[in-house]
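Report on the structure given below.
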Amino acid sequence: MEKSIYDASSYPIQVSNGRDIGAGHTRGCWLEFSDLANKDLGSDPIFQRALRAATARGTLVSTNKLANLYLILRYAMPDPQAHVFEFGSYMGGSAVFMATALKLLKRGSRVFAFDTFEGMPETDPVRDLHRQGDFADTKFDGLLSYIRDNELQMHLSLVKGRFDETLPGVLAEQSQGPGLLHVDCDIYEPIKYVIRACLPHLGPGSHIVFDDPLHGSCLGAFDAVQELLIRELNLTAEQAYPHLVFRYPSLPDA
């Protein structure tokens, strides 16, 4: 397979319309058609330990999606020390996965996991299939214990509450903006809010990774992406499987 995805110095692999289409094609195709997560990454000890951590904590995020996050986090971020913001963490499995990887990679960055940890807030009754209170069984106290027991405190911060109540304070406190947004909050208004709030803080070529827009239950998430990122910001997706991935600001074309 294309080994350039495992070499950070090779990025961007091929720039087109402001995104690294070479990286998007390579990650997406090999994850979808060649079982990359179980073959090539099956012998990667950092990925495997992080995957076991996510499984132990509990996650709804598929192995291919975790593998995609890992490839971006480890190899494709322009600033490897930039933080990760996750919006929608549920039981915390994907946040634990990324924090474990950061710890094993000896990075100084951390994952900020934003969630009410009490279920979804009010949703749009037309756009969103999910309803207020969905995903309330987060076992939050168990997540706190897991972080402590596995010594992830330096790499994972839980930010409990509504995004509009918690995100401004976190952004104001950080001297460096996030380099990766993992948006897994399913519903229309919160997605538009967090993207608008984070855009001024993103460093060159940051990744915005959407978990939900291509799911049948998340048309509100798709509306948010097409209205804000595609129509208003005129961005072109870098990757369509297993996530929708965008770059912001856009990469300069050669």
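In this chain, numbering begins with 1 at the start of the sequence shown. On a predicted model such as this, the values are computed, not experimentally measured, just so you know.
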Does any part of the side chain of Leu66, heavy atoms only, come nearer than 4.5 Å to the side chain of Leu51, both counted from C-beta?
yes
Spacing of CD1 belonging to Ile195 relative to CD1 belonging to Ile208, to within rounding of 0.5 Å
4.5 Å
Side-chain touch Ser34/Lys39, heavy atoms, less than 4.5 angstrom
no
Applying side-chain hydrogen bond (donor to acceptor under 3.5 Å, both in side chains) to Asn68 and not counting sequence neighbours gives Arg27, Gln239, His243
Nearest 0.5 Å, please: how far is CZ in Arg57 from CD1 in Ile147?
8.0 Å
Starting at OG of Ser206, measure out to CG of Leu199 and round the result to the nearest 0.5 Å.
10.0 Å
Between atom CD of Glu238 and atom OG of Ser250, what is the distance when rounded to the nearest 0.5 Å?
10.5 Å
Hydrophobic cluster membership, with links at side-chain heavy-atom distances under 4.5 Å among I/L/V/M/F/W/Y: are Leu36 and Ile21 in one?
no
Parallel, tilted or perpendicular: which describes the rings of Phe114 and Phe87, with under 30° parallel and over 60° perpendicular?
parallel
Partners passing salt bridge (charged side-chain N to carboxylate O under 4.0 Å, His left out) against Glu232 (at least two apart in sequence or in another chain):
Arg196
For Leu233 and Leu228, what are the C-alpha separation, side-chain angles and deciding distance, and is it a side-chain contact (heavy atoms from CB on, under 4.5 Å)?
CA-CA 6 Å; Leu233 298 175; Leu228 178 55; 4.3 Å; yes
Are Val225 and Phe210 packed together at the side-chain level, in the sense that at least one heavy-atom pair is separated by less than 4.5 angstrom?
yes
Listed partners of Ser157 passing side chain to side chain contact (heavy atoms under 4.5 Å, CB included), at least two apart
Arg110, Phe112
Give the intermediate values and the outcome of side-chain contact (heavy atoms from CB on, under 4.5 Å) for residues Leu158 and Leu156.
CA-CA 7 Å; Leu158 305 182; Leu156 178 53; 4.3 Å; yes
Just so I know, are the side chains of Lys160 and Thr116 near enough to count as touching, which here means a heavy-atom distance under 4.5 Å?
no
Taking C-beta and beyond as the side chain, do Cys198 and Phe85 meet within less than 4.5 Å on heavy atoms?
yes
In terms of heavy-atom contacts, Ala99 and Val111 come closest through N-CG2, 3.8 Å
To the nearest 0.5 Å, what is the distance between OH on Tyr75 and OH on Tyr6?
7.0 Å
Of Ile230, Asp223, Leu229, the one forming a side chain to side chain contact (heavy atoms under 4.5 Å, CB included) with Glu227 is Asp223
Candidate list Arg49, His155, Met98, test side chain to side chain contact (heavy atoms under 4.5 Å, CB included), partner Lys103, passing option:
His155
So does Ala23 get a backbone contact from the side chain of Thr26, meaning a donor-acceptor N/O pair under 3.5 Å?
no
Within the structure provided, determine whether Arg247 and Leu235 are in side-chain contact (heavy-atom separation under 4.5 Å).
no
Would you mind reporting whether Leu181 and Leu202 have side-chain heavy atoms less than 4.5 Å apart?
yes
Write down the atom of Ser89, the atom of Ala95, and the distance for their closest heavy-atom approach.
OG-CB, 4.5 Å
Is the shortest side-chain heavy-atom distance between Asp35 and Trp30 below 4.5 Å?
no
If hydrophobic clusters are built from ILVMFWY residues whose side chains come within less than 4.5 Å, do Met154 and Val84 share one?
no
Contacts satisfying salt bridge (Lys or Arg N to Asp or Glu O under 4.0 Å) that involve residues 68-88 (not counting sequence neighbours) are Asp44-Arg74
Find the distance between CG (Asp212) and CG (Asp184) and round it off to the nearest 0.5 Å.
4.5 Å
Could you walk me through whether Phe47 and Phe97 pass the side-chain contact (heavy atoms from CB on, under 4.5 Å) check?
CA-CA 9 Å; Phe47 175 74; Phe97 170 84; 3.7 Å; yes
Can you list every side-chain hydrogen bond (donor to acceptor under 3.5 Å, both in side chains) pair that touches residues 14-25, not counting sequence neighbours?
none
Partners meeting side chain to side chain contact (heavy atoms under 4.5 Å, CB included) with Asp7 (sequence neighbours left out):
Ser9, Ser10
